[in-house]
Protein chains: 2
Amino acid sequence: MRDLKANTDTRERILDAAERLFMENGYEATSMRTITGAAEVNLAAVNYHFGSKEALLREVFRRRLAWLNRERLQALDRLEQQAGGAPLKPSQILEAFFGTLLRMGEDESLGGMTFLRLLGRTLTEPAEFIRTFFAGEYAQVIDRYKLALFSALPDVPKAEIVWRLHFMLGAMSYAIAGTDVLQVVTGCEVGDLAGEAVADDAGDTALARRLAQRLMPFLLGGLRAPLPQFQDLPTTRAAHSGGQQAQI
Amino acid sequence: MRDLKANTDTRERILDAAERLFMENGYEATSMRTITGAAEVNLAAVNYHFGSKEALLREVFRRRLAWLNRERLQALDRLEQQAGGAPLKPSQILEAFFGTLLRMGEDESLGGMTFLRLLGRTLTEPAEFIRTFFAGEYAQVIDRYKLALFSALPDVPKAEIVWRLHFMLGAMSYAIAGTDVLQVVTGCEVGDLAGEAVADDAGDTALARRLAQRLMPFLLGGLRAPLPQFQDLPTTRAAHSGGQQAQI
DNA sequence: GCTTCGATCAAACGTTCGTTTTAATTGTAG
DNA sequence: CTACAATTAAAACGAACGTTTGATCGAAGC
């Protein structure tokens with residue numbers, strides 16, 4: 001019993017430390033010695049429990065994404081069920097997708113803002129094994145939501161929907177990854193922006209909630225924006241009708 | 001003459017190779033030996049010409065950002081001058097800011113899409129010296145544009161404008177950084193999305209132009225979206241009027 | 001009570017990193 | 001032709017990296 005306790009304890013101490021340090025420094029710049037030092041475990045423990053540094057990163061994400069993927073799919077299931085075959089409203093779909101994620105930021109037991117920031121930053125990491133991993137972990141969920149948006153917006157070209165989904169993911173990732181990016185870009189504190197003081201520790205969950213409420217209108221506004229016109233693009237195969245509104 | 005020629009030649013060969021490799025692998029994962037090998041110069045040349053790896057990265061960006069910052073400020077100057085004191089339209093401001101950047105992607109002599117992707121990815125790098133560098137390089141320009149948006153949108157809370165500027169930067173960074181992120185997330189090629197074939201080499205400049213025309217409506221739609229309501233946020237100091245439209 | 005086996009530990013492995021040193025080479029001015 | 005300063009070249013530096021090894025510990029099985 002103590003044996004098993006120590007086992008999971010060591011594993012999770014490593015995962016917690018790695019999650020925080022990967023978020024703070026990035027994957028490449030975080031050494032095994034830093035991780036095991038912060039977790040107060042032996043250096044060899046990572047390779048013993050996970051096999052390699054790469055496998056550790058994957059496990060850090062698997063631990064959280066298992067919940068997130070399940071929750072996102074369930075949220076969509078619930079919406080489609082209570083709609084009874086009728087197409088969903090885009091705002092419902094975005095709420096299910098982005099709202100579920102941002103709710104992770106409010107719950108420390110799900111990783112909180114630490115994991116959200118890590119996720120946002122890691123999505124742009126160029127390492128091959130990371131992109132491969134995320135492709136496998138994300139594909140199923142993204143595909144479901146893509147299809148939901150397709151039938152929610154039957155008059156908008158599918159290519160346009162995919163592009164805008166990509167834009168939305170970018171806006172969200174930067175928003176959650178970069179409180180420091182925000183500082184760099186804006187030269188002021190997040191707390192000042194929100195119009196209230198934000199404590200670094202406990203204020204994170206409040207930050208996630210406020211972020212969700214600021215982000216969602218922005219994303220919806222972008223999604224339902226007028227379609228591009230491509231007037232000066234001779235290479236475009238089929239000319240879209242100029243200034244067409246996305247039917248939302 | 002040959003002397004000076006060789007000098008700048010070595011310097012620029014290093015800068016070109018570093019720009020591409022930093023974009024492909026990230027800063028930490030790109031070694032000096034890989035850079036000097038690709039540039040076909042001696043290993044010591046980097047430390048001789050630039051001093052350190054960090055200084056090399058800074059110079060890679062300085063070379064491009066000097067042009068970008070100047071051009072962005074001039075674009076805003078031009079708009080304000082021909083407006084003659086009247087506030088600008090938000091679409092003009094966004095066009096000056098994001099359009100100028102995306103025009104870099106069409107011009108190989110300004111770095112093309114390689115630099116745009118590098119810029120988008122590096123903005124999220126957690127390394128301290130990188131964030132410090134960007135803060136210094138970006139601060140002046142961002143501040144000018146922030147003020148322009150403030151006076152273009154006098155009825156929108158300034159905090160809201162800064163948040164949405166942040167969201168827009170995120171959407172753009174992901175859009176340009178992640179053709180692979182896009183693949184990961186969507187499971188299809190960018191060329192398929194655009195509805196036309198994209199050659200990896202020469203098609204990049206066309207991609208930049210098309211990206212600009214797809215991104216701009218999205219950003220404008222997000223910027224002029226209804227303001228958030230904060231109905232369930234007891235911590236908010238002053239309650240905004242519910243459902244208020246951004247006056248754009 | 002001896003064995004067994006998973007978990008932890010200190011120590012070392014070989015490699016690669018960014019940087020430095022020292023010598024050779026280059027083009028140019030006196 | 002020589003002297004000089006700038007650049008390139010080859011080699012090595014110590015440090016840090018991810019990983020592996022073999023010993024040690026402690027609780028469960030027969």
Side-chain angles (χ1 to χ4, degrees), chain A residues 1-61 122 125-130 132-133, chain B residues 1-61 122 125-130 132-133:
Chain A
M1 183 174 129
R2 184 74 179 80
D3 180 27
L4 209 154
K5 173 71 153 50
N7 174 3
T8 67
D9 198 54
T10 297
R11 272 183 63 100
E12 293 211 0
R13 280 235 302 285
I14 293 174
L15 289 173
D16 288 340
E19 184 173 68
R20 182 176 58 84
L21 290 166
F22 284 151
M23 180 271 285
E24 289 174 357
N25 314 316
Y27 173 77
E28 300 283 351
T30 304
S31 73
M32 306 270 283
R33 286 167 178 83
T34 307
I35 296 171
T36 53
E40 293 178 301
V41 301
N42 189 269
L43 171 61
V46 170
N47 287 283
Y48 177 79
H49 284 285
F50 302 98
S52 68
K53 191 187 176 186
E54 292 193 2
L56 170 61
L57 180 73
R58 280 191 290 262
E59 192 54 37
V60 165
F61 278 99
T122 311
E125 290 258 357
E128 179 73 23
F129 85 95
I130 296 180
T132 304
F133 171 75
Chain B
M1 184 174 122
R2 183 75 179 80
D3 179 28
L4 209 154
K5 174 73 155 47
N7 174 2
T8 67
D9 199 53
T10 297
R11 272 183 62 101
E12 292 211 1
R13 281 234 302 284
I14 293 174
L15 289 173
D16 288 340
E19 184 174 67
R20 181 176 59 84
L21 290 166
F22 284 151
M23 181 271 286
E24 289 174 357
N25 315 316
Y27 173 77
E28 299 283 353
T30 304
S31 73
M32 307 270 283
R33 286 166 178 82
T34 306
I35 296 171
T36 53
E40 293 177 302
V41 301
N42 190 269
L43 170 60
V46 170
N47 286 283
Y48 176 79
H49 284 284
F50 302 99
S52 70
K53 190 186 176 186
E54 292 193 0
L56 170 61
L57 179 74
R58 278 191 291 262
E59 191 53 36
V60 164
F61 277 99
T122 312
E125 291 257 357
E128 179 73 23
F129 85 97
I130 296 180
T132 305
F133 171 74

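This structure is a prediction, so every number in the text was calculated from the model and none was measured. Every chain is numbered from 1 and lettered A, B, ... according to where its sequence line falls, protein lines coming before strand lines.
- For the pair Leu43(A) CG and dA7(C) C1', the computed distance is 15 Å after rounding to whole Å.
- Residues from residues 27-37 of chain B lying near DNA chain D, meaning a heavy-atom separation below 4.0 Å, are Arg33(B) in numerical order.
- At whole-Å resolution of the value, CZ in Phe129(A) and P in dG18(D) are 11 Å apart.
- Not counting sequence neighbours, the partners of Glu19(A) by the salt bridge (Lys or Arg N to Asp or Glu O under 4.0 Å) test are Arg63(A), Arg64(A).
- What separates OH of Tyr48(B) from C1' of dA24(C) is a distance of 14 Å, to the nearest Å.
- Between the P atom of dT8(D) and the CD atom of Glu40(B) lies a distance of 14 Å, rounded to the nearest Å.
- Each side chain to side chain donor-acceptor pair (under 3.5 Å) pair with one or both residues in residues 32-45 of chain B, not counting sequence neighbours, appears once here: Ser31(B)-Thr34(B).
- The NE2 atom of His49(B) sits 18 Å away from the P atom of dG18(C) (whole-angstrom rounding).
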Give me, pair by pair, the N or O atoms of the protein and of nucleotides 21-24 of chain D that are less than 3.5 Å apart, along with how far apart they are.
none

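- Listed by chain and residue number, Asp9(A) satisfy the side-chain hydrogen bond (donor to acceptor under 3.5 Å, both in side chains) test with Arg13(A) (two or more places apart in sequence, or in another chain).
- Following rounding to the nearest Å, Asn42(B) (CG) and dT26(C) (P) show an atom-to-atom distance of 14 Å.
- The side-chain contact (heavy atoms from CB on, under 4.5 Å) test applied to Asn25(B) returns Leu21(B), Ala29(B), Thr30(B), not counting sequence neighbours.
- For Glu128(A), the salt bridge (Lys or Arg N to Asp or Glu O under 4.0 Å) test picks out Arg131(A), with sequence neighbours left out.
- Judged by closest nucleotide on DNA chain C, Val41(A) is the one of Ser52(B) and Val41(A) placed further toward the 5' end.
- Atom pair Glu12(A):CD and dA7(C):P shows a separation of 14 Å (rounding to whole Å applied).
- In this structure, Asn47(B) places its CG atom 15 Å from C1' of dT22(C), rounding to the nearest Å.
- Considering all non-hydrogen atoms of both residues, Ala45(B) and Ile14(B) come closest at CB-CD1, 3.9 Å.
- The ring-ring contact (aromatic ring centres under 6.0 Å, His included) check on Phe50(A) picks up nothing, with sequence neighbours excluded.
- Considering only side-chain N and O atoms, Thr10(A) lies nowhere under 4.0 angstrom from the phosphate OP1 or OP2 of dA7(C).
- Looking at every heavy atom in both residues, Gly26(B) comes nearest to Pro126(A) through N-CG, 3.5 Å.
- Of the candidate nucleotides dT8(D), dT19(C), dG18(D), dG18(D) has the atom lying nearest to any side-chain atom of Lys53(A).
- When the ring-ring contact (aromatic ring centres under 6.0 Å, His included) test is applied to Tyr27(A), the partners found at least two apart in sequence or on another chain are Phe22(A), Phe129(A).
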